[in-house]
Amino acid sequence: MEFIEFPTSFDAEDYIFREGDAGDCAYIVDSGMVEVSTIKGGRKLIIATLTKGEILGEMAIIDRLPRNASARAILPTKVTVIPHDYLGQKIDKSDPTVRLFLRHVMARYRDLTDRLCEVFEGLSPDQQAVQTDEFASTTMELKSVMSQYEKMQQRIDSAVTKPGSTAGTSLFGEATLMDTKILVTEDTRLKSALVKKEFLLHYQPIVELASNRIVGCESLVRWKHPSGKLFPPSGFIAQTEDSGLIIELGYWIAEEACRFQNRLFSEFQQDLFFAINLSGRQFDDESLIPNLASIMDRTGVRREQIKFEITESLLMDNPELASQWLHHLKATGAKLAIDDFGTGYSSFSYLHSFPFDTLKIDRVFVSAMLSSAKTKQIVKSLVNLSHNLGMDVVAEGIESDGEAQLMRQYNTKYAQGFYFSEPLTESEFIKLIRHPIIDLAE
Ligand code: C2E
Ligand code: MG
Ligand code: MG
């Protein structure tokens, strides 16, 4: 059977397919926007929002089961239909192990998406906006299945387009097959999220414990998915690290944070320090340090007001190289902080060989401190050790007055946590900073 390409138009609100329909074709979105959703526990759960170049209904091509979700145009939309028989035939002609493997991958994919739906189902709309750990780990598993799927697509692709194959001459040519292959990965969606400006930063105030005055903040990235959900970094930073997108995203984050730092200074006369998280993967980019320096210059911030946060894992992978990088970064004039201290395996013994200005004590210690005398002792020693090494300390994840009091007692200079403020949008932050001393009596 020859592939017949027929672009089909749908008006906004039209269904392309409904849950339970026969799964006899897949679609590539040519224009417009499609929402894929399912009903779980009486609530509509949006699985994906797809735009130009993205593919939907592709599972039907593999296993021809009924649709397990509905797809509806949310704008006037054109799609190209890929009938099951077209690709089905190619798959059937392929090596039996390829078929077996592909079916296995698809079965796992379905199983995982079902689990993802179940996790979501149990959450309130507020909780859904912030992923649970279980959701994040299922997403990671899903990603690995998707990458296996992608590899299979590559094998099928090369089988289909190898010399002598008739597929290259069909209307469904090589370029579209390539698109199909690429578009099944989440990375592509994240890349387009960067292009479409779907990332944004929230800013969590950092207070000086002696005065409760906001003296700085940490910038924290979020992904505003077209479905309206706001994804925290645990749901996507690892993917951007795997694909290398973190390098481009990292520059966007640095520029956006520096721009806001400068805005607070020039419009509101608030010269706060801004902490920016760096992922270890960003150091693979040889131009990282000069590029960060030029971002700081371009945005007009004073370099000493920017503090780059690095986690212990970067130091542990290759301490000597990490030390060189950090010395170069420090030479730009920016400050450096070691983040989530205590969660990795870094040893106190060589902490002094890294040029950190600040040590951030991880929330796990802060939250265990009130109920454990041992943890209390560890926190106290950590603060003293940091001071002896010339570093100031930020206590992360302060959630109660008791925790804040104890950290004050230990002479911890700074604190950050929901007790003082959650991470805020730019406009919320501006509102708060008009009165920079946080009044906790209110
Ligand atoms: P982090 O750098 O340690 O950031 C602090 C995290 O703790 C934030 O989570 C913040 O919302 C959360 N937090 C703050 N106060 C409290 C509290 O009192 N209680 C509790 N339970 N949590 C609190 P978030 O925004 O989900 O970020 C998670 C991690 O993702 C960050 O940990 C950081 O490692 C990474 N991340 C965030 N933004 C970026 C970024 O722009 N670039 C990179 N490379 N990584 C980022
Ligand atoms: Mg951080
Ligand atoms: Mg941290």
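Read the numbers this way: they start at 1 and go in the same order the structure lists the ligands and their atoms.
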If you consider just the N/O/S atoms, which atom of [X] is the closest one to the Mg ion (ligand 3)?
| X | result |
| --- | --- |
| Asp340 | OD1 |
| Glu396 | OE2 |
| Asp339 | OD1 |

Heavy-atom contacts with [X] under 4.0 Å: which atoms of ligand 1 show up? List them by number with element.
| X | value |
| --- | --- |
| Asp340 | 3 (O) |
| Glu399 | 17 (C), 18 (O), 19 (N), 20 (C), 21 (N) |
| Glu396 | 3 (O) |

[atom1]/[X]: more than 12 non-hydrogen atoms of other groups inside 6.0 Å:
| X | atom1 | result |
| --- | --- | --- |
| His387 | NE2 | yes |
| Lys380 | NZ | no |
| Tyr419 | OH | yes |
| Glu267 | CD | yes |

Open item on the list: Within 2.8 Å of the Mg ion (ligand 2), is there any N, O or S atom belonging to Glu218?
Closed with: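 Checking Glu218: at least one N, O or S atom is under 2.8 Å.
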- [ ] Output yes if Thr311 passes the N/O/S-under-2.8 Å test against the Mg ion (ligand 2); output no otherwise.
- [x]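 So Thr311 does not count as coordinating the Mg ion (ligand 2).
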Students should be able to answer this: which protein heavy-atom is nearest to [atom], and at what distance?
| atom | value |
| --- | --- |
| atom 26 (O) of ligand 1 | Pro233 CD, 3.6 Å |
| atom 42 (N) of ligand 1 | Asn277 O, 3.5 Å |
| atom 39 (C) of ligand 1 | Val221 CG1, 3.7 Å |
| atom 31 (C) of ligand 1 | Leu220 CD2, 4.3 Å |
| atom 18 (O) of ligand 1 | Phe418 N, 2.8 Å |

TODO: Indicate the ring-plane relationship of Phe199 and Phe236, choosing parallel, tilted or perpendicular according to the 30° and 60° boundaries.
DONE: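 The rings of Phe199 and Phe236 sit tilted, inter-plane angle from 30° to 60°.
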Side-chain H-bond candidate by donor/acceptor type, [X] with [Y], under 3.5 Å:
| X | Y | result |
| --- | --- | --- |
| Thr51 | Lys196 | yes |
| Thr299 | Gln261 | no |
| Asp285 | Tyr251 | yes |
| Asp339 | Thr311 | no |

- [ ] Return yes when at least one protein heavy atom is under 4.0 Å from atom 46 (C) of ligand 1, and no when none is.
- [x]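 Within 4.0 Å of atom 46 (C) of ligand 1, protein heavy atoms are found.
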Task: atom 12 (C) of ligand 1 protein-contacted, heavy-atom criterion under 4.0 angstrom - done: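 No, there is none.
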Open item on the list: Tell me whether Arg302 is salt-bridged to Asp271, with the criterion being a basic N under 4.0 Å from an acidic carboxylate O.
Closed with: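 Counted as a salt bridge, because a side-chain N and a carboxylate O are separated by less than 4.0 Å.
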Heavy-atom distances under 4.0 Å are what count here, so tell me which part of [X] touches ligand 1: side chain, backbone, both or neither.
| X | answer |
| --- | --- |
| Pro423 | side chain |
| Arg363 | side chain |
| Thr311 | neither |
| Ile398 | backbone |
| His202 | neither |
| Lys360 | neither |
| Ile253 | side chain |
| Gln204 | side chain |

Task: Heteroatom of Glu309 nearest to the Mg ion (ligand 2) (N, O or S, atom name) - done: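 Minimum-distance N/O/S atom of Glu309 relative to the Mg ion (ligand 2) is OE1.
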Open item on the list: Less than 6.0 angstrom separating the ring centers of Phe356 and Phe341, yes or no?
Closed with: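 Aromatic pair excluded; centres sit 6.0 Å or further apart.
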Task: Value rounded to 0.5 Å, distance of OG in Ser219 from CG in Asn277 - done: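 The OG atom of Ser219 sits 6.5 Å away from the CG atom of Asn277.
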Task: Gap between atom CG of Leu389 and atom CG of Leu359 - 0.5 Å precision - done: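 With rounding to 0.5 Å, CG (Leu359) is 9.0 Å from CG (Leu389).
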- [ ] Evaluate salt bridge (charged side-chain N to carboxylate O under 4.0 Å, His left out) for Glu208 paired with Lys413, printing each intermediate quantity in order.
- [x] CA-CA 6 Å; Glu208 185 181 59; Lys413 193 158 185 196; 5.0 Å; no
Task: Whether Glu422 lies under 4.0 Å from ligand 1, heavy atom - done: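 So Glu422 does not count as touching ligand 1.
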Task: Distance-only N or O hit between ligand 1 and Tyr419, under 3.5 Å - done: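 Between Tyr419 and ligand 1, no N or O pair is found under 3.5 Å apart.
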- [ ] Using modelled atom types only, decide if a donor and an acceptor are shared between the side chain of Arg408 and the backbone of Leu209 within a distance under 3.5 Å.
- [x]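 Side chain of Arg408 to backbone of Leu209, a donor-acceptor pair under 3.5 Å: yes, one is there.
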